[in-house]
2 protein chains.
Amino acid sequence: MKLSTKGRYGIQAMFELALYYGEGPISLKTIAENEGLSEHYLEQLIAILRKADLVKSVRGAQGGYMLAAPPDKITVGDVIRTLEGSLAPADCVVEDTPFECSRAGGCPTKLVMERIRDSINKVIDSITLQDMVDDYRRLNQKSAFMYYI
Amino acid sequence: MKLSTKGRYGIQAMFELALYYGEGPISLKTIAENEGLSEHYLEQLIAILRKADLVKSVRGAQGGYMLAAPPDKITVGDVIRTLEGSLAPADCVVEDTPFECSRAGGCPTKLVMERIRDSINKVIDSITLQDMVDDYRRLNQKSAFMYYI
DNA sequence: TGAATTCCTACTATTTTACCCGGATTTCAA
DNA sequence: TTGAAATCCGGGTAAAATAGTAGGAATTCA
C-alpha cells in the first residue's frame, strides 16, 4: 500500500511550485535540485500534470512551470489521483469504473475496501497545496528567524 | 496504492474462518473453493498468519485451520499488517522504524503521509472479523429468508 | 546565434507480484 | 494397518510494475 514515487515526487514538485506561486516560471532543474529528484524522471510526471491542467508551462530559455491555479485551489488529492489513478485499495471499489467481481453485492470485504477508500479520499481532498506551504513556513519559522539575526 | 492480493485474500480467508468459528477446523481446500482462490497460494498466506498467531492449524486428515482468537478480537488491521507490513504510504512514516530522509523534520509531504497513514489505520483497526460476519449476515438475510420459504 | 529549456518517444534493469511444483510429514478413519 | 486427506516447506518462475535512462527535436530568450 505504498504510494509510488509518482505520487510522492508529484506532491513534492507541486509543493515547490506552490512555494514560488506568482513569481514566474520555475525550471524543472530548480525543482529537481531543490527536492533532490531525477530531472528526467520528473519531466515525465510533470507532463502528466500539465495534460491534466494542474500546471502550465513556458517553453524556451528562462521558461519553466507554474501552477495552473492558486495553491489553495489545488488539493493533494488532485495531484495524487492524476499521477496514480484512484486510491481505491481494490479494483472492485474504484470510484467511477469499479471492476465487478462475482460476489458483487454480498461481498463483505468490499465494505471494508470502501471504508478504506473513503477515509483516504477524505484526507487527501482536504489538504491543499496552500496548507502544505503554510505548514512548511510554520515549521521553518524558527530557523528563518535565526538567519535574520 | 492498491492492496496486494496478500492482504485481500488474507481478509477473505480470515472472514471464512470467522464465519465458521467454533465449528472445528476448516480445510484450505474449503476456504479456497468458497472464496475462489488458489489453494497453493493461500497456503503461503495462511502460513504467515499462523506464525503471527492469528490462526491455529490441525494437521492430518479432517484437519484444517481455525482462528486463534474469537472473531471480535481480531481486526482487519491485524490481518492486513501481518501480510503486507505497515500501511504507511511512504517509508518515512512507517510506524516503528521510519526511514529518515534528508529533510526529516521540515518536510511538508511527511505531514501529508502521516495523515493518510493515520486515517487508514483508524479504519482498519476499528473493523473486527465479527463486524464483517455481522455485515455479511445482514446483507444475506433476505435471500436466506427466501430459501426458507 | 547559442544557450536554456520544454517536449516527446523509446528503451531497460530491477523489483515485486502472484502464483505453481513437488515432496515430506502428520493424522484420521475404515 | 494402511491409505487418503490434510498441513508443512522450500524453491522456482512468468508477467507486470516501478523507477528510472537516453537521445534528440522544438521553442524561446538574451
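These numbers come from the heavy atoms of this one structure, side chains and all, not from hydrogens, waters or symmetry mates. Letters A, B, ... are given to chains in the order of the sequence lines, protein chains preceding strands, and every chain is numbered from 1.
Near DNA chain C, defined here as any heavy-atom distance below 4.0 Å, the residues from residues 4-13 of chain B are B/Ser4, B/Thr5, B/Tyr9, listed numerically.
For A/Gln62, there are no side chain to side chain contact (heavy atoms under 4.5 Å, CB included) partners two or more places apart in sequence or in a different chain.
C/dA18 atom C1' lies 17 Å from atom NZ of B/Lys2, rounded to whole Å. Going from atom OH of B/Tyr41 over to atom C1' of C/dT17 covers 6 Å, rounded to whole Å. Put simply, CG on A/Leu42 is 17 Å from P on D/dA22, counting in whole angstrom units. One can place CD1 of B/Ile48 at 12 Å from P of C/dT17, the figure rounded to the nearest angstrom. Here D/dA19 presents its P atom at 17 Å from CD of A/Glu35, a figure rounded to the nearest Å. Separating the CG atom of A/Leu83 from the P atom of D/dT18 is a distance of 12 Å, rounded to the nearest angstrom. Computed from coordinates, the A/Lys56 NZ to C/dT6 P distance equals 16 Å when rounded to whole Å.
For the residue pair A/Thr30 / A/Tyr20, no side-chain donor-acceptor distance below 3.5 Å is found, with atom types taken as modelled. Counting only N and O atoms by type, the side chains of A/Thr5 and A/Tyr41 include a donor and acceptor under 3.5 Å apart.
The two atoms that bring B/Ser86 and B/Glu95 nearest to each other are OG-OE1, 2.6 Å, heavy atoms only.
A salt bridge is defined here as a Lys NZ or Arg NE, NH1 or NH2 lying under 4.0 Å from an Asp or Glu carboxylate O, and A/Asp118 with A/Arg115 fails to meet this definition. Ion pair A/Arg137/A/Asp134 not flagged as a salt bridge, since none of the NZ, NE, NH1 or NH2 atoms sits closer than 4.0 Å to an Asp/Glu carboxylate oxygen.
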Practice item. List the steps and the verdict of side-chain hydrogen bond (donor to acceptor under 3.5 Å, both in side chains) for A/Asn34 and A/Gln12. Key: CA-CA 10 Å; A/Asn34 284 1; A/Gln12 290 181 247; over 6 Å; no
Pairs: protein N or O with nucleotides 5-12 of chain D N or O, under 3.5 Å:
| unit_1 | atom_1 | unit_2 | atom_2 | d |
| --- | --- | --- | --- | --- |
| D/dA5 | N3 | B/Ala61 | N | 3.3 |
| D/dT7 | OP1 | B/Leu28 | N | 2.8 |
| D/dT7 | O2 | B/Arg59 | NH2 | 3.1 |
| D/dC8 | OP1 | B/Ser57 | OG | 2.4 |
| D/dC8 | OP2 | B/Arg50 | NE | 3.2 |
| D/dC8 | OP2 | B/Tyr65 | OH | 2.9 |
| D/dC8 | N4 | B/Glu43 | OE2 | 3.0 |
| D/dC9 | OP2 | B/Arg50 | NH2 | 3.4 |
| D/dC9 | N4 | B/Glu43 | OE2 | 2.7 |

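With A/Val112 as reference, B/Ile127 is the one residue of B/Ile127, B/Asp135, B/Asp131 to meet the side chain to side chain contact (heavy atoms under 4.5 Å, CB included) rule.
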